Amino acid sequence: MESNDVVLDQKPNRTAVSKDQKPDAADEFLKVSNMTPAERVRYFFLKDRELNEDKLAAMSQKDRDAIEQQIKDLILQQLGLENEDGKPDDAPQPAPEGDPVPVDATR
């Protein structure tokens, strides 16, 4: 398309990335920006360890469970969903020590 002696190229200047090529920063940004916060934590956890979902699936159950637990702990930590003890906020709390105080005893 031409307008006032200016040629407007309507072809995209980027092409699809094959499996052998690394995605560029713009592709990665678009991918990550569409993720939930928990998905981002998981994605970068695996990426930092040179893993991906396929490599994780190929691991032994024991190794996979250990990594999944690390990811879960990191998600809880980064999203502020754990209390001071490092346990999830919805974790069962132990009963208080000592005998319960009867309701009538407060009068």
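What you are looking at is a predicted structure, and each value in this text was computed from that prediction instead of being measured.
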If you round to the nearest 0.5 Å, how far is CD1 of Ile67 from NZ of Lys62?
->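 Rounded to the nearest 0.5 Å, the NZ-CD1 separation comes to 12.5 Å.
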Hey, what do you get for CD (Gln78) to CZ (Phe45), rounding to the nearest 0.5 Å?
->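 Answer rounded to 0.5 Å: 10.5 Å.
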Are the side chain of Lys31 and the backbone of Ala26 linked by a donor-acceptor contact shorter than 3.5 Å?
->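 No, because the side chain of Lys31 does not come within donor-acceptor range (under 3.5 Å) of the backbone of Ala26.
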Would one find more than 12 heavy atoms of other residues, nucleotides or ligands at under 6.0 Å from atom CD of Gln61?
->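 It does: Gln61 CD has more than 12 such atoms within range.
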Check whether more than 12 heavy atoms from other residues, nucleotides or ligands sit under 6.0 Å from atom CZ of Phe29, and answer yes or no.
->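 12 or below, so no.
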Classify the side-chain pair Asp73/Gln77 by whether it contains a donor and acceptor separated by less than 3.5 Å.
->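 Note: Asp73 and Gln77 side chains miss the donor-acceptor criterion.
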Tell me yes or no: between the side chains of Glu28 and Tyr43, is some donor less than 3.5 Å from an acceptor?
->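 Indeed, the side chains of Glu28 and Tyr43 share at least one donor-acceptor pair under 3.5 Å.
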Would you indicate whether the side-chain heavy atoms of Arg42 and Lys72 approach each other to under 4.5 Å?
->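 Lys72 does not reach Arg42 side chain to side chain.
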Close side-chain approach of Leu51 to Met59, heavy-atom, < 4.5 Å =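 Touching, per the 4.5 Å side-chain cut-off.
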Verdict with reasoning, Asp65 to Gln69, per side chain to side chain donor-acceptor pair (under 3.5 Å) = CA-CA 6 Å; Asp65 288 346; Gln69 185 61 49; over 6 Å; no
Return the minimal non-hydrogen interatomic distance between Val32 and Arg40, and the atom names on each side.
->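 Between these two residues, the closest heavy atoms are O-NE, 3.2 Å.
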Looking only at non-hydrogen atoms, find the nearest pair between Glu39 and Asn34 and report the distance.
->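 The pair with the smallest heavy-atom distance is OE1-O, 4.5 Å.
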Sole residue of Leu46, Leu76, Thr36, Ile75 in side-chain contact (heavy atoms from CB on, under 4.5 Å) with Val41 |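 The side-chain contact (heavy atoms from CB on, under 4.5 Å) with Val41 is passed solely by Ile75 among Leu46, Leu76, Thr36, Ile75.
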